[in-house]
Amino acid sequence: MSTTTEAQTTGIDRMADPNWWRQASVYQIYPRSFADSNGDGLGDIQGITAKVPYLKTLGIDAVWLSPFYPSALADGGYDVDDYRNVDPKLGTLADFDEMAEALHRAGIKLIADIVPNHSSDRHEWFKEALASPKGSPARDRYIFRDGLGENGELPPSDWDSVFGGPAWERITEPDGTPGQWYMHIFAKEQPDFNWDNQEVRDDFLKTLRFWSDRGVDGFRIDVAHALTKNLEGTLPTKADLEAKALGTDGFVDGSHPYWDRDEVHEIYVEWRKVFNEYTPPRTAVAEAWVHADRRARYASPEGLGQAFNFDLLQADFDASQFRKIITKNLVEAAASGASSTWVFSNHDVVRHATRYGLPATEVAVEGEIMAGQAGKKWLLAGGRKEDVDVELGLRRARAASLLMFALPGSAYLYQGEELGLQEVGSEIPDSERQDPAFFRNKGVDIGRDGCRVPLPWTADGTSFGFGDGGSHLPQPAWFSRYAVQEQDGAEGSTLELYRTALRLRTDLQSGEELEWIPNSNPEVLHFARPNGWQSVTNFGTEPVDLPEGTVVVSSSGLQDGKLPGATTAWLFG
Ligand code: BGC
């Protein structure tokens, strides 16, 4: 198992430390919903630059920027028109450079989201493919197939897309006749690239260098497990594939036609060579919803180096589930040479302050809606507001986050969780929803818009200080009480808890080991790091005795010197 990074012990400039990512706190910004500098209702790059002082006082090590590239927003920017540019709605390349510089001056690294599985249907290559004949080099950059049936009127297979509806779309040929079909694992506006095509491979290397040269320190790789495909011969049916899936974990032998095939790692070996051309080497983290036994491959030092594990995100607020997951992931990370990753919230799932306030069964049932992707649950449904125990949800979320910040490995945070922000549920009218998951599921799944509503910066005023104009997704009136302005300097606020915890986490960070300390109460999890930093969480409802030591921070107030239910405390000494 790797030990303390040099920078942590000797105070070497963290920005130059090649291991900066191993125990970093990474804050995800969903750019269109963070801060709007020009009042057009859409967050932008200059808005982020203006908030660098806020990010600095939060105490994070890096910002991960969800896609900011030109896009028609068919999937919130994960439909990219041009990989080496900034969406004019968000700013310019010069704005990007200024933002990168401001972040770096504040000691904050920058991670860009790379979307290699698919482009948007407005990408110049896709337009060229549509205008070119069947069998042409332009079509070969994507996945085009003839249809089945007498006149090719049926899709090449009966597969569903992740967002619902078919995974194939028929095109009209340049001569106006109904033509071939192209594959799209996600929305129809997101045609899948053909990764057997050398031009596609070369172009992504160019993109990685383009952003690395502009000062990007690392990359988050979108659906990293989908790039390579085997679509030779007769394609298996949906039923064939389902029969072979092991429980909800997908294929464990790499034989699925498009998820998690072994060849995908050859691509990342090439990418690693590019990352290592830079000093310090650029980092990468894979978003790969794969069988747990196959996750380590994505985190290998010869490949991407780190991979998300979404295990805690999918767990109940439950001591034994947490303990099992933490132990397993630390062992796995150590075996692959990576550090572990932890995440409770992101732009695809219901915010954890809400999830933990939902009746457990509801989360599970609604989560099934996204079971398409490698059989994983994306917990997409948002939950109906009236079913949420807001107070309990927030209390548990604060306890879970404080526990996470004490774990060895990288902690990934999602904008707004530092405010204890709740998911917006049925307050978003159907007419204002944007998520393709909502439209492609004909309203069964309310989609991911509820965690993407622009942040409240002030308690009142236009769009709660998000900008001088409106907000591209409606903010409910209750956003007011979560505003940064309300929480800034307020004792006990979630924002101040995060600031304290993140500052302490940086100061206390030590080796990547964790020791479980036995506790007779099965609802209590207690662990220590090598330097004596301890974290204890009470997952139950009754107050419990605290172990010996000085409490340095707790997620809720202590009760007569005891640790109340749904609370975490850190101790020292
Ligand atoms: C992203 C989603 C996106 C999908 C398609 C996911 O992994 O996190 O937001 O819809 O990829 O790009």
Side-chain angles (χ1 to χ4, degrees), residues 26 28-33 64-81 83 111-123 126 142 160-165 167 183-193 195 204 207 219-227 250 258-260 264 284-290 295 298 304 307-310 313-314 341 343-351 369-382 412-415 423 433-441 445-453 473:
V26 183
Q28 181 189 357
I29 290 184
Y30 193 74
R32 293 169 178 89
S33 300
W64 147 30
L65 221 54
S66 276
F68 48 84
Y69 315 106
S71 168
L73 303 183
D75 181 20
Y78 284 88
D79 45 321
V80 179
D81 298 350
Y83 288 86
I111 294 174
D113 214 317
I114 292 287
V115 190
N117 178 64
H118 44 264
S119 69
S120 83
D121 60 352
R122 307 196 321 170
H123 191 286
F126 193 70
Y142 292 90
D160 291 327
S161 76
V162 169
F163 295 145
M183 185 179 180
H184 58 90
I185 300 185
F186 293 90
K188 75 172 173 33
E189 294 84 358
Q190 294 167 296
D192 281 35
F193 279 120
W195 274 87
F204 272 91
T207 295
F219 300 95
R220 177 261 188 191
I221 315 303
D222 191 62
V223 269
H225 57 309
L227 279 49
Y258 52 94
W259 294 130
D260 190 26
V264 78
V285 57
E287 186 217 21
W289 295 76
V290 297
R295 194 186 296 139
Y298 291 86
L304 295 176
F308 281 121
N309 91 69
F310 298 111
L313 183 156
Q314 297 176 92
T341 56
V343 46
F344 284 117
S345 281
N346 64 31
H347 66 297
D348 288 329
V349 300
V350 175
R351 287 183 175 279
I369 286 162
M370 279 299 283
Q373 194 178 20
K376 285 292 175 191
K377 296 172 180 174
W378 279 28
L379 307 170
L380 271 190
Y412 285 84
L413 290 65
Y414 178 54
Q415 68 178 40
E423 184 86 1
R433 291 206 171 265
Q434 300 175 5
D435 188 354
F438 170 75
F439 298 107
R440 294 186 65 90
N441 276 294
D445 172 0
I446 67 170
R448 300 162 294 179
D449 295 318
C451 63
R452 300 174 177 184
V453 176
L473 279 168

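We count ligands from 1, going down the list as the structure has it; atoms in each ligand are counted the same way.
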Residue portion contacting ligand 1 (non-hydrogen atoms closer than 4.0 Å) for Arg220: side chain
Answer with side chain, backbone, both or neither: which part of His225 has a heavy atom less than 4.0 angstrom from an atom of ligand 1? neither
Can you list the residues that meet the salt bridge (charged side-chain N to carboxylate O under 4.0 Å, His left out) rule with Arg220, with sequence neighbours excluded? Asp113, Asp222, Glu287
Here the gap from Tyr298 atom OH to Ile221 atom CD1, rounded to the nearest 0.5 Å, amounts to 12.0 Å
[X] neighbourhood, listing ligand 1 atoms whose heavy-atom distance to it stays under 4.0 Å:
| X | result |
| --- | --- |
| His118 | 5 (C), 12 (O) |
| Asp75 | 3 (C), 4 (C), 5 (C), 10 (O), 12 (O) |
| Arg448 | 2 (C), 3 (C), 9 (O), 10 (O) |
| Phe163 | 10 (O) |
| Arg452 | 9 (O) |

Only residue of Tyr69, Tyr142, Tyr83 satisfying side chain to side chain donor-acceptor pair (under 3.5 Å) with Ser119 is Tyr142
Would you say the side-chain atoms of Tyr78 and Ser66 include a donor-acceptor pair closer than 3.5 Å? yes
Answer yes or no: is there an ion pair linking Lys188 with Asp79, defined by an N-O contact shorter than 4.0 Å? no
Can you check whether Phe308 and Tyr412 have ring centres sitting under 6.0 Å from each other? yes
